[in-house]
Amino acid sequence: MHSRRSWQSLSFFALTALLGCAGGEESLEPAPAEPAPPVVEAALAPSGWERTLVQAGLADPEVYKENDDLFFLTGTGDSRSIPIYETNDLTAFRFKLGYNPSVVDPVYDYCLLWAPDLNKSNGAYILTFSGQRVANGAACPAAGLEVTTFSASAPDLNLRFGVPQPINPGTPYPRSLITTGCVAEGCNRTVRIDAATYNDPTGRWFFYVWFDRGNNISAFNTVAPGTVYNVTGPALNALPAMEEGINEAPEIIKRNGIYYLLFSHGWYNSQYAMSYIMADSLPQLTRARAVRRLSQAMRNASGQLIQSHGHNAIVERRGEYFNFFHVGVFQPAGTFTSRSTYKQKVGFKPDGTMHSLNQVNVRWPHKAGYSYSLDLVLRDGSVVGPCLDVNRLGTANKVTFDGVCFSASNRMVNKGDIAAMRIFYANNGVWGPFAEAAYDGISDDVLVSLPGGSPAFVDLTWNEKQTGAQYSVDVQRRDTGAWIGPCIGVNTINKSLAWTYSGRCTTPGIDVPLSNISTFRICSAVNGDWSRATCGAAAYDGQGMHVPVLIP
């Protein structure tokens with residue numbers, strides 16, 4: 001959050017179908033002739049996916065794991081010193097010490113201290129951070145200078161870090177540059193901000209951000225620093241508009257043999273959010289792979305920004321993964337007021353992808369002539385309703401809830417606090433019946449079954465097989481058992497990892513209704529070699545509206 005310019009089934013609780021819309025907010029929908037009293041449910045135990053505040057005022061969090069019972073948290077503080085906190089359980093944090101490089105360096109002073117990285121290398125603890133450096137006693141920040149990256153070491157867990165040093169000084173390798181501009185070898189070798197190190201069996205990797213037409217990410221293996229891997233950014237790729245030319249804050253983890261690169265994008269006061277890339281090796285962690293959204297900036301009904309999420313660190317403890325990230329608060333709407341670090345457990349799907357931080361796809365069957373609204377049943381027993389009213393949903397059969405109830409005074413609701421999704425449905429403006437589906441607090445997809453309804457579509461999703469792979473969709477007819485392949489061909493899908501099927505096989509130009517499909521199959525090929533295609537299939541029950549397919 002510091003881009004280059006930013007520093008200047010029916011009821012879950014009770015089987016019922018004829019209750020009025022519950023909750024304390026005024027609905028824009030026609031009310032039943034005799035409104036039912038509000039429904040107050042018993043509180044449930046925590047979901048385990050709640051979002052919790054870790055440290056107020058701390059941004060750009062970094063978490064280093066010494067072992068399952070000792071972790072250190074650091075991040076951006078007052079821009080003059082770097083705070084370090086200690087924890088044994090990732091729940092209770094205590095201040096350990098602050099590192100002020102100006103105090104330990106007799107020659108230079110430092111300011112604009114951002115985004116520290118803490119790791120261990122060759123038995124020493126290494127603190128890497130962004131900052132501006134000036135002569136001792138000089139004004140800081142100073143014109144003509146630029147933020148760059150330094151590192152300092154400590155011999156033991158006292159974490160008494162010494163004098164900072166620039167990265168790879170006096171070499172042709174990616175390196176720090178105190179002044180503005182770029183090193184002679186190119187901007188992608190100019191280490192500016194957001195360093196992230198990762199200890200891999202292949203060597204210690206160093207990821208960093210450099211400036212050219214915005215913020216870009218590159219990396220190198222410290223055992224072979226002459227080879228630079230350009231990861232992502234506007235100088236390298238045509239980015240989607242929502243990223244606003246900003247790719248920064250790299251974070252690397254490995255789980256079940258899969259590497260993940262997480263990064264943040266967009267302006268801190270606009271569309272700042274997190275995405276990630278998955279691959280089988282560190283060199284493959286580039287934009288040539290699929291980019292998946294992890295979060296979405298939150299806006300009110302008028303489109304004004306109210307909350308953003310970014311610059312995260314993911315840490316594992318006893319088989320569970322936790323995401324530490326800062327939340328930008330914009331209250332009144334559109335006006336930035338603070339950043340603080342929060343924690344939220346990470347959920348993984350069978351294909352290794354992550355559940356979104358703050359988005360849920362809610363789907364429900366089609367009932368001819370009906371309109372809909374959405375209520376949220378919370379774990380504390382309260383109901384937010386309508387969260388999204390009929391003026392928002394109309395006759396649609398899907399909505400992506402991103403954490404803001406537009407129809408409830410723009411109330412923000414975290415996924416982990418939701419116990420059930422409740423869909424009200426009305427014909428000719430007569431409201432009252434509803435259906436409900438339990439919610440686990442983390443999933444990205446929820447189906448609320450409506451009596452007498454039928455699926456209007458099926459959202460198909462699948463895993464990324466390998467870099468550069470293309471895909472097609474086949475369907476198996478329920479009546480004959482025959483396969484239609486491709487149903488949706490590669491020229492239509494190309495490299496996409498999702499397709500919404502509504503009953504039409506576009507490639508042969510025939511209709512196959514959802515009720516007559518028993519199986520969906522996704523096939524993957526590279527360089528057009530479909531003779532060696534790899535396929536994965538998933539049975540379809542004729543009722544679901546989201547079918548994930550795993551390609552082995």
J.: More than 12 non-hydrogen atoms from neighbouring residues, nucleotides or ligands closer than 6.0 Å to CG on N527, yes or no?
T.: no
J.: Could you grab the distance from atom CG of L460 to atom CZ of F520, nearest 0.5 Å is fine?
T.: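 If I round to the nearest 0.5 Å, the distance is 5.0 Å.
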J.: Please check if the distance between the ring centroids of W205 and Y229 is under 6.0 Å.
T.: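 They qualify: ring centres under 6.0 Å apart.
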J.: State, yes or no, whether a side-chain contact exists between D60 and R339 at a heavy-atom distance under 4.5 Å.
T.: yes
J.: Provide the closest heavy-atom pair for Y342 versus V54 in the form atom of the first, atom of the second, distance.
T.: C-CG2, 3.8 Å
J.: How many angstroms lie between atom CD of Q359 and atom CZ of F401, to the nearest 0.5 angstrom?
T.: 10.5 Å
J.: Where do Y540 and V547 come nearest, in terms of heavy atoms and distance?
T.: CD1-CG2, 3.8 Å
J.: Taking the side chain as everything from C-beta on, heavy atoms only, tell me whether W364 gets closer than 4.5 Å to M421.
T.: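 W364 vs M421: side chains apart.
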J.: For W49 and G441, work out which heavy atoms get closest and say how close.
T.: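 Heavy atoms of W49 and G441 come nearest at CB-O, 3.3 Å.
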J.: Say whether, by atom type as modelled, one donor and one acceptor occur between the side chain of Q307 and the main chain of M298 under 3.5 angstrom.
T.: no
J.: List the steps, then state whether side-chain contact (heavy atoms from CB on, under 4.5 Å) holds for L73 with L58.
T.: CA-CA 10 Å; L73 165 70; L58 186 75; 3.9 Å; yes
J.: Check the surroundings of atom NZ in K495: do more than 12 heavy atoms from other residues, nucleotides or ligands lie under 6.0 Å from it?
T.: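 Counting other residues, nucleotides and ligands, NZ of K495 stays at 12 neighbours or fewer.
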J.: Could you check whether the rings of F424 and F434 sit parallel, tilted or perpendicular, using 30° and 60° as the cut-offs?
T.: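 Correct class here is tilted.
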J.: Got a salt bridge between D280 and R289, using NZ or NE/NH1/NH2 to carboxylate O under 4.0 Å?
T.: no
J.: Any chance you could measure M354, atom CE, to I314, atom CD1, to the nearest 0.5 Å?
T.: 4.0 Å
J.: What I'd like to find out is whether the side chain of R255 reaches to under 4.5 Å of the side chain of E316, using heavy atoms alone.
T.: no
J.: Write down the atom of R478, the atom of G542, and the distance for their closest heavy-atom approach.
T.: NH2-N, 4.0 Å
J.: Indicate whether the side chain of Q476 and that of S518 have a donor and an acceptor atom separated by less than 3.5 Å.
T.: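 Short answer, yes.
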J.: How many angstroms lie between atom NE2 of H309 and atom CZ of R51, to the nearest 0.5 angstrom?
T.: 4.5 Å
J.: Indicate yes or no for a side-chain donor-acceptor contact from D541 to the backbone of Q543 under 3.5 Å, with no hydrogens or angles considered.
T.: yes
J.: Could you walk me through whether Y370 and L450 pass the side-chain contact (heavy atoms from CB on, under 4.5 Å) check?
T.: CA-CA 11 Å; Y370 281 78; L450 304 187; over 6 Å; no
J.: Hey, mind stepping through Q304 and F330 against side-chain contact (heavy atoms from CB on, under 4.5 Å) and telling me if it holds?
T.: CA-CA 9 Å; Q304 295 173 300; F330 298 81; over 6 Å; no
J.: Kindly say whether V209 contributes a backbone atom to a donor-acceptor pair with the side chain of E248 at under 3.5 angstrom?
T.: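 Side chain of E248 to backbone of V209, a donor-acceptor pair under 3.5 Å: no, none is there.
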J.: Do side-chain atoms of T337 reach the backbone of V329 as a donor and acceptor pair under 3.5 angstrom?
T.: yes
J.: Is any side-chain heavy atom of Y471 less than 4.5 Å from a side-chain heavy atom of V549?
T.: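 Not touching, per the 4.5 Å side-chain cut-off.
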J.: Enter the distance from R379:CZ to E50:CD here, rounded to the nearest 0.5 Å.
T.: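 Going from CZ on R379 over to CD on E50, the span is 6.5 Å.
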J.: Any side-chain heavy atom of C405 within less than 4.5 Å of one from L376?
T.: yes
J.: Taking all heavy atoms of A435 and all of Y425, pick out the closest pair and write down the distance.
T.: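 Scanning both residues completely, I find the closest heavy atoms to be N-CE2, 4.0 Å.
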J.: Do we see a donor-acceptor contact under 3.5 Å between the side chains of N119 and N199?
T.: yes
J.: Going by atom types alone, do N230 and S218 pair a side-chain donor with an acceptor below 3.5 Å?
T.: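 S218 and N230 do have a side-chain donor-acceptor pair below 3.5 Å.
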J.: Within the distance-only criterion (no hydrogens, no angle test), does the side chain of S409 pair as donor or acceptor with the backbone N or O of R411 below 3.5 angstrom?
T.: no
J.: Backbone N or O of A498 within a donor-acceptor pair of the S496 side chain at under 3.5 Å?
T.: yes
J.: Do the rings of Y272 and H326 sit parallel, tilted or perpendicular, given the 30° and 60° boundaries?
T.: parallel
J.: Restricting to non-hydrogen atoms, name the atom on L294 and the atom on H355 that form the minimum distance, rounded to 0.1 Å.
T.: CD1-O, 3.7 Å
J.: Quick check: does any side chain N or O of S472 sit under 3.5 Å from a backbone N or O of V490, one acting as donor and the other as acceptor?
T.: no
J.: So, do D459 and K398 sit near enough that their side-chain heavy atoms are less than 4.5 Å apart?
T.: yes
J.: Do S340 and L53 make a side-chain contact, defined as non-hydrogen atoms from C-beta onward lying under 4.5 Å apart?
T.: yes
J.: Do you know which of Y260, Y259, F263 makes side chain to side chain contact (heavy atoms under 4.5 Å, CB included) with I277?
T.: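 That would be F263.
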J.: Under 4.5 Å between any side-chain heavy atoms of P365 and K367, yes or no?
T.: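 Sidechains of K367 and P365: no contact.
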J.: Please check if the side chain of S264 supplies one atom and the backbone of H311 the other of a donor-acceptor pair under 3.5 Å.
T.: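 Pair found, side chain donor or acceptor close to backbone of H311.
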J.: Using side-chain contact (heavy atoms from CB on, under 4.5 Å), reason through I252 and L261 one step at a time and then give a plain yes or no.
T.: CA-CA 5 Å; I252 306 90; L261 169 73; 4.1 Å; yes
J.: Does A115 offer a backbone N or O that forms a donor-acceptor pair with the side chain of T76 under 3.5 Å?
T.: yes
J.: Has S295 got a side-chain atom pairing as donor or acceptor with M274's backbone, closer than 3.5 angstrom?
T.: yes
J.: Atom OH in Y198, atom CD1 in I253: separation rounded to 0.5 Å?
T.: 8.5 Å
J.: Cationic tip of R317 within the cone over F71's six-membered ring, i.e. under 6.0 Å and within 45° of the normal?
T.: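 The answer is no; the distance or angle limit is not met.
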J.: Would you mind telling me which of D440, D402, N358, D444 makes a side-chain hydrogen bond (donor to acceptor under 3.5 Å, both in side chains) with K415?
T.: D444
